[in-house]
K.L.:
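First the structure, which I've put down as structure tokens, then a few questions once you've had a look.
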Amino acid sequence: MANVSIKGQGRIGLEVAERVKRPTAKALTRTAMDVKAEEVNEMRRVFDRPTKYTLGGVYMRGASVDKGRDYAEVWLKDFGGKGGAAAQYLSPQIFGGARKLKRFEGALKRAGILPAGMFAVPGRDADMDANGNMSRAQIVQILSYFKGLRDSTQWMSDKRRATLARDGRRNGQVRKGFTYFALHKRNGKLPPGVYKRLDYGQGRVVVRPILVFVRQPNYTRRFDFFGVGERVIAARFPVHMRAAWGR
């Protein structure tokens, strides 16, 4: 009789556990979806014109009874495409502290353009996109220009300069051509950075700052990722749990 009683309790316990697991998993998953949506809204609120790439940097993985995952999670993607991983470049905004090198800064450093311990920020005459970031086209242009040069301050070849001059005329620009050069140290009024030298002909030359080299930037916390998550969980999980049990 004792054995029969124990087995009966075991079956009942299993049935109750299964009944609890599935609605709980649904409630966890739906709550995580709400958390993700609110994290994206928070980024729109605290950041200046965040890109679609940044807004898409939040990922959500739901709970699954079949896969044995009794939790749902929301975090930043630790992988990325050309823009880098959101977990890397957004972490200083969440935890505070020093900013890490961006991908294009790493490329500048490998090319010998960016000095050790320095970071690059857009200069006054950098081409900016609609999101307030330096345009990718200009970043690619700079990297392509310096690629293969023995010295970052070396002028491009006459053939390359002539090509750029033709491109300028074809695009309806009045300048005859331009070159890039880099300064590792201050030169008079020019701080370290990458400059564009515009040659309008007849001895008229203009130098414009495109990138300025600065010491490692430090950020204060701006993105309250965990606070947002905790508030949403407290408000939405009971609602989703009641709805899941009701179904």
Side-chain angles (χ1 to χ4, degrees), residues 47-54 57 76-93 96-165 167-168 171 173 175 177-199 205-219:
F47 298 144
D48 179 23
R49 293 169 290 172
T51 64
K52 291 182 179 179
Y53 185 88
T54 293
L76 303 174
K77 295 178 180 178
D78 57 4
F79 57 90
K82 295 179 180 179
Q88 179 177 1
Y89 67 81
L90 286 179
S91 287
Q93 306 287 352
R99 174 169 77 77
K100 297 181 180 179
L101 281 175
K102 296 180 180 179
R103 182 169 295 188
F104 88 91
E105 290 172 320
L108 286 174
K109 187 175 180 180
R110 289 190 296 273
I113 309 306
L114 183 65
M118 302 293 279
F119 290 70
V121 297
R124 184 188 62 208
D125 294 306
D127 294 338
M128 309 299 284
D129 61 22
N131 297 103
N133 301 314
M134 187 170 174
S135 75
R136 177 166 179 77
Q138 189 168 43
I139 290 174
V140 171
Q141 185 183 68
I142 291 171
L143 292 174
S144 298
Y145 171 76
F146 284 116
K147 185 178 181 181
L149 294 181
R150 294 188 304 274
D151 187 331
S152 64
T153 59
Q154 176 183 339
W155 295 113
M156 67 173 68
S157 66
D158 290 338
K159 180 179 179 182
R160 177 61 175 152
R161 185 184 297 110
T163 300
L164 287 175
D167 290 344
N171 294 331
Q173 300 168 347
R175 62 178 178 268
F178 64 86
T179 57
Y180 285 112
F181 68 95
L183 294 177
H184 288 181
K185 296 181 180 180
R186 175 175 287 275
N187 185 354
K189 294 182 179 180
L190 300 181
V194 173
Y195 293 85
K196 177 182 275 189
R197 182 181 184 274
L198 302 168
D199 185 356
V205 175
V206 177
V207 174
R208 293 180 177 172
I210 306 301
L211 287 171
V212 178
F213 298 155
V214 298
R215 293 295 178 185
Q216 188 172 31
N218 282 278
Y219 293 119

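Bear in mind that the values here come from a model prediction, so they are computed numbers and not experimental data. All heavy atoms count here, side chains included; hydrogens, waters and symmetry mates do not.
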K.L.:
Taking all non-hydrogen atoms of both residues, which atom of D78 and which atom of A87 are closest, and how far apart?
P.N.:
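In this case the closest contact between D78 and A87 is CA-CB, 3.9 Å.
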K.L.:
Restricting to non-hydrogen atoms, name the atom on A120 and the atom on E105 that form the minimum distance, rounded to 0.1 Å.
P.N.:
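Minimum heavy-atom contact is N-OE2, 2.8 Å.
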K.L.:
I'd like to know if the side chain of Q216 reaches the main chain of A98, judged simply by a donor and an acceptor atom lying under 3.5 Å from each other, with no hydrogens or angles considered.
P.N.:
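Looks like no, no N/O pair under 3.5 Å.
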K.L.:
When the ring planes of Y195 and F181 are compared, do they come out parallel, tilted or perpendicular, using 30° and 60° as the limits?
P.N.:
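Plane angle under 30°, so parallel.
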K.L.:
Between I210 and Q141, is there a side-chain heavy-atom distance shorter than 4.5 Å?
P.N.:
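With C-beta onward as the side chain, the pair stays apart.
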K.L.:
Taking the inter-plane angle between the rings of Y89 and Y53 on a 0 to 90° scale, is it parallel (under 30°), tilted (30 to 60°) or perpendicular (over 60°)?
P.N.:
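Taking Y53 first and then Y89, their aromatic rings lie parallel (interplane angle under 30°).
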K.L.:
Is there side-chain contact between F178 and R208, with at least one heavy-atom pair below 4.5 Å?
P.N.:
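Contact flag for F178/R208 side chains = no.
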K.L.:
If you compare all heavy atoms of P92 against all heavy atoms of Q88, which two are closest, and at what distance to 0.1 Å?
P.N.:
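Scanning both residues completely, I find the closest heavy atoms to be CD-O, 3.4 Å.
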K.L.:
State, to 0.1 Å, how close P191 and R186 come at their nearest heavy-atom pair, and which atoms those are.
P.N.:
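That would be CB-NH2, 3.7 Å.
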K.L.:
Looking at every heavy atom in both R99 and K102, which two are closest together, and how far apart are they?
P.N.:
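Scanning both residues, the minimum pair turns out to be NH1-CG, 3.3 Å.
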K.L.:
When you measure from the side chain of Y180 to the backbone N and O of Y145, does any donor-acceptor pair fall under 3.5 Å?
P.N.:
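Judged by distance alone, no pair lies under 3.5 Å.
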K.L.:
In Å and rounded to the nearest 0.5 Å, what is the CZ to NZ distance from F119 to K109?
P.N.:
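So the CZ of F119 and the NZ of K109 are separated by 8.0 Å.
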K.L.:
Would D129 and R136 count as a side-chain contact (heavy atoms from CB on, under 4.5 Å) if you check the C-alpha gap in whole Å, the side-chain angles of each, and the deciding distance to 0.1 Å?
P.N.:
CA-CA 8 Å; D129 61 22; R136 177 166 179 77; over 6 Å; no
K.L.:
Please step through side-chain contact (heavy atoms from CB on, under 4.5 Å) for the pair D125 and K196, ending with a clear verdict.
P.N.:
CA-CA 9 Å; D125 294 306; K196 177 182 275 189; over 6 Å; no
K.L.:
Would you call L211 and I113 a side-chain contact if the rule is heavy atoms closer than 4.5 Å?
P.N.:
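Counting from C-beta outward, L211 and I113 never come under 4.5 Å.
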K.L.:
To the nearest 0.5 Å, tell me how far L114 CG sits from H184 NE2.
P.N.:
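Between L114 CG and H184 NE2, I get 8.0 Å after rounding to 0.5 Å.
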K.L.:
Quick one: do V194 and F146 satisfy side-chain contact (heavy atoms from CB on, under 4.5 Å)? Show the steps, please.
P.N.:
CA-CA 10 Å; V194 173; F146 284 116; 4.0 Å; yes
K.L.:
Report the distance from atom CE of M118 to atom CZ of R215, rounding to the nearest 0.5 Å.
P.N.:
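Going from CE on M118 over to CZ on R215, the span is 5.0 Å.
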K.L.:
Contact between D199 and T179 at the side-chain level, heavy atoms closer than 4.5 Å - yes or no?
P.N.:
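Of all side-chain heavy-atom pairs linking T179 with D199, none is under 4.5 Å.
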K.L.:
Report the distance from atom CG of L143 to atom CZ of R103, rounding to the nearest 0.5 Å.
P.N.:
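Going from the CG atom of L143 to the CZ atom of R103 covers 12.0 Å.
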